[in-house]
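Structure first, then comments.
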Amino acid sequence: MQASNRTSKPSPLGYSLSPNSSPFGTPRSTAFTQLSSMQIQELKESFQMLDKDGDGIIGREDLGAMLGSLVGQDPTPTMINAHLSSVPTPFNLASYLTHLSQHLSLLTPGPDLLSAFAAFDDNDDGTIDVAELTESLTSMGERMSEADIERALKGFTKRRALGRGQTHGGDVFRYRDFVDVLSGKEEEKE
């Protein structure tokens, strides 16, 4: 067999690329190309946090440590095997980015989310009354717990200022900011 004369060039992610491949060793993923540079950076940082031993691969021990910290108990070998069987092997940065970008691409697009939230925006000011949103999310469709709602809204709420005709303040959810973060648009504002 003859050795290939192809040369590799460094990618922005720090991995060698052959001329006809992506950094993932597979044809270029359209899902990956939809990620913003900020989303890619955040995914790289999350990979580094998960790769406890720093060997460039999220393995059995890394996954066990992560599950233990999330669940608060020692994960069973069966639990670890179940998670590892659902991801590419080896689960290195390239496969991690590809795998997660495919899942992120399935999220509802920004304009659809904005339209859904706008139905609750009485003042057309980019905010929704937290109590009203919580009531809807706990009583309609796929119901959420109040703890899940609080976690989802964290960082995107503020105290409403009293205005004309209002008898109470209360918290409001800044849904436009929330959708911007989900879609990577906050990067453009900086």
Show your working on side-chain contact (heavy atoms from CB on, under 4.5 Å) between L133 and L153 and close with a plain yes or no.
CA-CA 10 Å; L133 183 61; L153 303 184; 4.1 Å; yes
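- We find the CD-CD distance between E45 and Q48 to be 7.0 Å, quoted to the nearest 0.5 Å.
- Atoms OG1 and CD1, on T134 and I128 in that order, are 10.5 Å from each other to the nearest 0.5 Å.
- Summarising the geometry, atom CD1 belonging to I80 is positioned 9.0 Å from atom CG belonging to D74; distances are rounded to the nearest 0.5 Å.
- F173 and F117 have their aromatic ring centers within a separation under 6.0 angstrom.
- Counting non-hydrogen atoms of other residues, nucleotides and ligands closer than 6.0 Å to CD of E146 gives a total of 12 or fewer.
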For the pair D121 and R176, evaluate side-chain contact (heavy atoms from CB on, under 4.5 Å) and give the outcome as yes or no after the intermediate values.
CA-CA 11 Å; D121 185 357; R176 289 181 186 154; 4.2 Å; yes
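- Classification of D55 and R60 as a salt-bridged pair fails, no side-chain N sitting under 4.0 Å from a carboxylate O.
- The CD atom of E61 lies 10.0 Å from the CG atom of L63; values are rounded to the nearest 0.5 Å.
- A salt bridge links R159 to D171: one of the charged nitrogens lies within less than 4.0 Å of a carboxylate oxygen.
- Contact detail for D62 and L50: the closest heavy-atom pair is CB-O, 3.2 Å.
- Using modelled atom types, one side-chain atom of R174 and one backbone atom of T157 make a donor-acceptor pair closer than 3.5 Å.
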For a side-chain contact (heavy atoms from CB on, under 4.5 Å) check, start with the C-alpha distance between M144 and I149, then their side-chain angles and the critical distance, and finish with the verdict.
CA-CA 7 Å; M144 294 177 68; I149 294 168; 3.8 Å; yes
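- Between the CD1 atom of I58 and the NE2 atom of H83 there is a distance of 12.5 Å, given to the nearest 0.5 Å.
- Summarising the geometry of G64 relative to P75, their closest heavy-atom pair is O-CG, 3.4 Å, with the distance given to 0.1 Å.
- In terms of heavy atoms, F120 sits closest to S136 at CE2-OG, 3.3 Å.
- Grouping the Ile, Leu, Val, Met, Phe, Trp and Tyr side chains by contacts below 4.5 angstrom, directly or via other members, places V87 apart from I57.
- Aromatic ring centres of Y175 and F156: separated by at least 6.0 Å.
- To the nearest 0.5 Å, atoms CG (L43) and OG (S101) are separated by 8.0 Å.
- Side-chain contact annotation: D148 with S145, donor-acceptor N/O pair under 3.5 Å present.
- Around the CD atom of E150, the shell of radius 6.0 Å holds no more than 12 heavy atoms that belong to other residues, nucleotides or ligands.
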Verdict with supporting geometry, N81 and T78, side-chain hydrogen bond (donor to acceptor under 3.5 Å, both in side chains)
CA-CA 5 Å; N81 288 337; T78 304; 5.7 Å; no
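- Here the side chain of N92 pairs a donor or acceptor atom with the backbone of A94 at under 3.5 angstrom.
- Between the side chain of T98 and the backbone N or O of S95 there is no donor-acceptor pair closer than 3.5 Å.
- The minimum heavy-atom distance between D51 and G56, with the atom names listed, is OD2-N, 2.7 Å.
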Tell me, with the steps shown, if L97 and L93 meet side-chain contact (heavy atoms from CB on, under 4.5 Å).
CA-CA 6 Å; L97 289 171; L93 178 60; 3.9 Å; yes
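- Annotation for Y96 and S46: closest pair OH-OG, 2.6 Å, computed over non-hydrogen atoms.
- With D129 contributing its side chain and V172 its backbone, the two residues share no donor-acceptor pair below 3.5 Å.
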